[in-house]
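Report on one structure; see the data block that follows.
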Amino acid sequence: MATQTEKAERFAARHHGETPLLLPNPWDPGSAKVLVALGFEALATTSSGFAGTLGRLDGATTRDEALSHAAAIVAATDVPVSADLENGFADDPRAVAETFALARSTGLAGGSVEDYTAREADEIYDIGLAAERVAAAAEAAHRDGARFVLTARSENFIRHRPDLADTIKRLQAYQAAGADVVYAPGVSTPADIRAIVESVDVPVNVLAFPGVPSVGELGALGVARVSIGGAFSYVALGAAADAAREFLEQGTYDFWSIAGTGTELARRAFTA
């Protein structure tokens, strides 16, 4: 098994490849094993996908739960894993630093911190406090020369605040605060994506969803990494719901055509 440092170095280097790093988001150890068996080079946890396994919505898990989940994903495979650590589970920069110090101890190769407060009245942190929080996360992530890929997220677009100028200003501030990668989930047009890529000197992650350019097009725009959030977990729930409706409403078993594929994948992934 590779060490945490080796995984983090491999993860960091892959952000500078000829093509974007495809970073899928497993929701449990089994899905992590399947994704690696399919050929993915690295993984990232998904806060929404993990919350779904507990019967909760996104944002309804605790720091201890998220870190335990991240440790389980790390233990499931030998590829680098980055964790969705939401807003660091705290407002105060010192508490955010503590979250990232704990994250390092799980064997993670990286993790993300966002500027979303999870409060309706003031959804996005003031840029000054947001940058302080990134700096605190970076200090903890990189303490003693440690290798840990810190991703800083600007949540403007995904929170219905499509202000490109403010988003770029924030990402630049987060880079200056020590972020290794920046990320503005919800940005979708080639012009906006190119503007972000050209405004910073660190790798840029893009969230893939309908309307976002293809991976090849994103690569041409200079994007370094593409992730999918909770999409695969929702695909799995959707497929299970379709199969359940067939069984409940029609009394037939055509769902086995998909289940058979899953069975073979599980046999290959779980015995590797």
Side-chain angles (χ1 to χ4, degrees), residues 20-62 64-86 106 108 112 118 157-160 183 185-186 188 205-218 225-272:
L21 169 63
L22 301 185
L23 194 64
N25 304 79
W27 55 96
D28 62 13
S31 58
K33 287 177 177 289
V34 167
L35 290 169
V36 171
L38 289 171
F40 288 99
E41 303 171 67
L43 305 171
T45 67
T46 159
S47 61
S48 61
F50 170 51
T53 68
L54 303 175
R56 305 176 198 167
L57 294 176
D58 194 14
T61 57
T62 67
D64 286 347
E65 288 173 331
L67 291 173
S68 293
H69 170 65
I73 300 297
V74 168
T77 78
D78 198 35
V79 302
V81 178
S82 182
D84 179 347
L85 295 173
E86 303 186 42
T106 67
L108 285 163
S112 63
F157 276 75
I158 206 169
R159 305 299 172 183
H160 311 295
Y183 179 19
S188 61
N205 184 96
V206 166
L207 175 67
F209 61 93
V212 170
S214 69
V215 169
E217 292 168 325
L218 290 175
R225 191 175 86 190
V226 183
S227 58
I228 57 167
F232 283 178
S233 68
Y234 293 132
V235 168
L237 282 175
D242 287 345
R245 287 194 191 98
E246 180 196 348
F247 186 40
L248 179 66
E249 299 169 6
Q250 301 174 36
T252 55
Y253 323 115
D254 291 343
F255 53 79
W256 267 107
S257 62
I258 297 175
T261 300
T263 299
E264 289 304 314
L265 255 179
R267 286 173 178 161
R268 176 154 63 95
F270 301 164
T271 58

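Values reported hereafter were calculated over all heavy atoms of this structure, with side chains retained and with hydrogens, waters and symmetry mates removed.
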Item to check | Close side-chain approach of W27 to H69, heavy-atom, < 4.5 Å | outcome: no

Item to check | I228 backbone acceptor or donor facing N25 side chain under 3.5 Å | outcome: yes

Checklist entry - Closest approach of T106 and A71, non-hydrogen atoms and distance? => result CB-CB, 4.1 Å

Next on the checklist: Could you report the tightest heavy-atom contact between F157 and P185, atom names first, then the distance?
Outcome noted: CB-O, 3.6 Å

Checklist entry - Does one side chain, of D84 or S47, offer a donor that lies under 3.5 Å from an acceptor on the other? => result yes

Checklist entry - Which heavy-atom pair separates G230 from S233 by the least distance, and what is that distance? => result O-OG, 2.6 Å

Item to check | Pairwise distance OG(S82) to CG(L23) - rounded to 0.5 angstrom | outcome: 6.5 Å

Item to check | For the student: nearest non-hydrogen atoms of V226 and A208, plus distance | outcome: CG1-CB, 3.8 Å

Checklist entry - Looking only at heavy atoms, which two atoms of P24 and P26 are closest? And how far apart? => result O-CD, 3.4 Å

Checklist outcome for this item: Heavy-atom nearest pair, A83 first then A70, reads CB-CB, 4.2 Å

Item to check | Flag if over 12 foreign heavy atoms under 6.0 Å of CZ, R245 | outcome: no

Item to check | Exceeds 12 heavy-atom contacts within 6.0 angstrom, atom CD1 of I258 | outcome: no

Checklist outcome for this item: NZ (K33) and CZ (R268) are apart, to the nearest 0.5 Å, by 13.5 Å

Checklist entry - In Å, rounded to the nearest 0.5 Å, how long is the span from CG of L108 to CG of L67? => result 8.0 Å

Checklist entry - Who are the salt bridge (Lys or Arg N to Asp or Glu O under 4.0 Å) partners of E264, not counting sequence neighbours? => result R267

Item to check | side-chain contact (heavy atoms from CB on, under 4.5 Å) involving E246 - partner list, sequence neighbours excluded | outcome: Q250, T252, D254, F255

Checklist entry - Any side-chain heavy atom of F50 sitting closer than 4.5 Å to one from L54? => result yes

Checklist entry - Could you go step by step and tell me if E86 and T61 meet the side chain to side chain contact (heavy atoms under 4.5 Å, CB included) rule? => result CA-CA 10 Å; E86 303 186 42; T61 57; 3.5 Å; yes

Item to check | Residue pair S214 / E217, side-chain donor-acceptor N/O under 3.5 Å | outcome: yes

Next on the checklist: With no hydrogens and no angle check, just 3.5 Å: does a side-chain donor-acceptor pair link D28 and T53?
Outcome noted: no

Item to check | Partner of V79 under side-chain contact (heavy atoms from CB on, under 4.5 Å), chosen from I73, L43, L35 | outcome: L43

Checklist outcome for this item: Separation between CG (N205) and CG (L21), nearest 0.5 Å, reads 8.5 Å

Item to check | More than 12 heavy atoms of other groups within 6.0 Å of F209 CZ | outcome: yes

Checklist entry - For Y183, which residues count as a ring pair (Phe, Tyr, Trp, His ring centres under 6.0 Å) partner, sequence neighbours excluded? => result none

Checklist entry - Quick one: CZ on R225 to CG on L207, what's the gap to the nearest 0.5 Å? => result 11.0 Å

Item to check | L57, CG atom: more than 12 neighbouring heavy atoms under 6.0 Å | outcome: no

